[in-house]
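FYI, side chains are in, hydrogens and waters are out, and symmetry mates aren't considered; it's all heavy atoms of this structure.
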Amino acid sequence: MAVKNTKKKHKRTKNQKALNFLCIMMAFVVIFVAVVCISVDKKNDALREKETAVPQSSQATQKDNNKKPAVSENGDAPDTTATTAEATSDTTAPETTQPVTAAVAQPGTMENPTIITIDEEKWYLTLVNSSYRIPDDYEPDLVYVCGSGERLDRKVAEHYEEMYNAAKKEGIDLAPCSGYRSYELQERNYNNKVSFYESQGYSNKDAKVKAATIIMPPGSSEHNLGYAMDIVCVDEWFEDTAEFKWLTENAADYGFIMRYPKDKQDITKVIYEPWHWRYVGVELAKELKDSGLVLEEYMGVA
């Protein structure tokens, strides 16, 4: 009988230990769930605070942008347009796509350029340089010119051929040397030039700036637009030719300008290129020729 009682007592003790262990485990589970709930609740509070803060930040940015003055087409009165389109556009950040008309309120930088769109009515005013670039997927309507393998935008090609034929009658051969270039080709040429200057000891940043004075970054070249032609050659000795003299005297009558003059390199940020001629329309070409202004100056972004 004593043996049976001992066994029962031992069994009760064992059951009690199991029950105590189960209680302890349940307590741990309750504590763990409570901790998780508190953590999730804190995260939700933080997210709610962030969501309510965003609109306020956006409103503040919009107010600041509305205070920024724009530059008018003549550079003397405020306007809200940006360079190649007449429609009003928000110019909050350089990376946003925005229309650009004869003046730009907020230029970008070489590292963070303003990506422009083109006003089809005033396409000839389109300004591209290291600060203002076309999208990398821009595709002009291209045609071959003067029986050559060079192409221009269709709107420019007819004017170039008219100029070419007029010069031909006077014994001057304005042979097309380099017209349209794709974004990819421009990128390859630019990167090769950057690599060259890096090999000369320039830092990557300085090499990019140096390269851009000779080969524009992709999207910032007028060759990417199909609006410009390098004529006869790409060498400074071209300024001593009869072709250059003829262009200097007559190109404006057909809507073309020498885009990168020798005395404006501090403004264009491009080396002297007597061979590079850009279409801007007859009226503007004559105005720029008479005034001596380059496109950046005329646009009010020099």
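- To the nearest 0.5 Å, atoms NE2 (H276) and CD1 (I231) are separated by 9.5 Å.
- For W237 and F244, the distance between ring centers is not under 6.0 angstrom.
- Interatomic distance, CD1 of I134 versus OG of S221, reported as 8.5 Å (0.5 Å rounding).
- Residues D230 and R181 meet the side-chain proximity criterion, which asks for heavy atoms closer than 4.5 Å.
- To the nearest 0.5 angstrom, D173 atom CG is 11.0 Å from T241 atom OG1.
- Y227 has its ring centre no less than 6.0 Å from the ring centre of Y279.
- Taking the six-membered ring for Trp and the full ring otherwise, the centers of Y160 and W277 sit at least 6.0 Å from each other.
- Cluster membership check: L127 does not share its hydrophobic cluster with Y183, using side-chain heavy-atom separations under 4.5 Å among Ile, Leu, Val, Met, Phe, Trp and Tyr.
- Y124 and Y180 are not part of a single hydrophobic cluster, where members link through side-chain heavy atoms under 4.5 Å apart.
- Other residues, nucleotides and ligands contribute more than 12 heavy atoms inside 6.0 Å of the CD atom of E249.
- When every heavy atom of P218 is checked against every heavy atom of Y190, the shortest pair comes out as CD-CD2, 4.0 Å.
- Considering all non-hydrogen atoms of both residues, A302 and I267 come closest at CB-CG2, 3.8 Å.
- For the atom pair CG of D153 and CD of E139, the computed distance is 12.5 Å after rounding to the nearest 0.5 Å.
- Residues R154 and L142 are not in side-chain contact: their nearest non-hydrogen atoms beyond the backbone lie 4.5 Å or more apart.
- The side chain to side chain contact (heavy atoms under 4.5 Å, CB included) with V294 is formed by just one residue from the set K264, M258, M299; it is K264.
- Salt-bridge formation is detected for the pair K262/E239: a Lys NZ or Arg NE/NH1/NH2 atom is positioned less than 4.0 Å from an Asp or Glu carboxylate oxygen.
- V270 has its side chain out of reach of Q265: every pair of non-hydrogen atoms, C-beta onward, lies at least 4.5 Å apart.
- M163 is listed as a side-chain neighbour of F256, based on a closest heavy-atom distance under 4.5 Å.
- Considering all non-hydrogen atoms of both residues, C177 and E150 come closest at O-OE2, 3.3 Å.
- L284 has its side chain within reach of Y298: a pair of non-hydrogen atoms, C-beta onward, lies under 4.5 Å apart.
- V128 and V156 fall within the same hydrophobic cluster, where Ile, Leu, Val, Met, Phe, Trp and Tyr residues are linked whenever their side-chain heavy atoms come under 4.5 Å apart, directly or through other members.
- Atoms CD1 and CG, on I215 and L185 in that order, are 9.5 Å from each other to the nearest 0.5 Å.
- Residues Y254 and H159 place their aromatic rings such that the two centres sit no closer than 6.0 Å.
- Proximity of V143 to L152: side-chain heavy atoms (C-beta onward) are nowhere separated by under 4.5 Å.
- Atom-to-atom distance recorded for E236:CD and I271:CD1 is 8.0 Å, nearest 0.5 angstrom.
- Salt-bridge annotation for E273 and R259: absent, with no side-chain N of the basic residue lying under 4.0 Å from a carboxylate O of the acidic one.
- Proximity of a side-chain donor or acceptor of E243 to a complementary backbone N or O of V232 within less than 3.5 Å is not detected.
- Considering all non-hydrogen atoms of both residues, G292 and E297 come closest at O-OE1, 4.1 Å.
- The environment of K208 atom NZ is sparse: at most 12 non-hydrogen atoms of other residues, nucleotides or ligands sit within 6.0 angstrom.
- At most 12 non-hydrogen atoms from other residues, nucleotides or ligands lie less than 6.0 angstrom from OH of Y202.
- Residues M216 and I118 fall into different hydrophobic clusters, defined by Ile, Leu, Val, Met, Phe, Trp and Tyr side chains chained together at heavy-atom separations under 4.5 Å.
- Inter-residue side-chain proximity for E296 and T268 is flagged as met; some heavy-atom pair is nearer than 4.5 Å.
- Judged purely by distance below 3.5 Å, without hydrogens or angles, the side chains of D206 and S203 pair a donor atom with an acceptor atom.
- Counting heavy atoms from C-beta outward, I214 and Y197 have side chains that approach closer than 4.5 Å.
- Both L125 and Y138 are assigned to one and the same hydrophobic cluster, defined by single-linkage of ILVMFWY side chains at heavy-atom distances under 4.5 Å.
- When all heavy atoms of A166 and W246 are compared, the closest pair comes out as C-CZ2, 4.1 Å.
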Where do M229 and V145 land on the side-chain contact (heavy atoms from CB on, under 4.5 Å) test, with the steps shown first?
-> CA-CA 10 Å; M229 178 65 76; V145 295; 3.8 Å; yes

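- In this structure, G108 and T114 approach most closely via the heavy-atom pair N-OG1, 3.2 Å.
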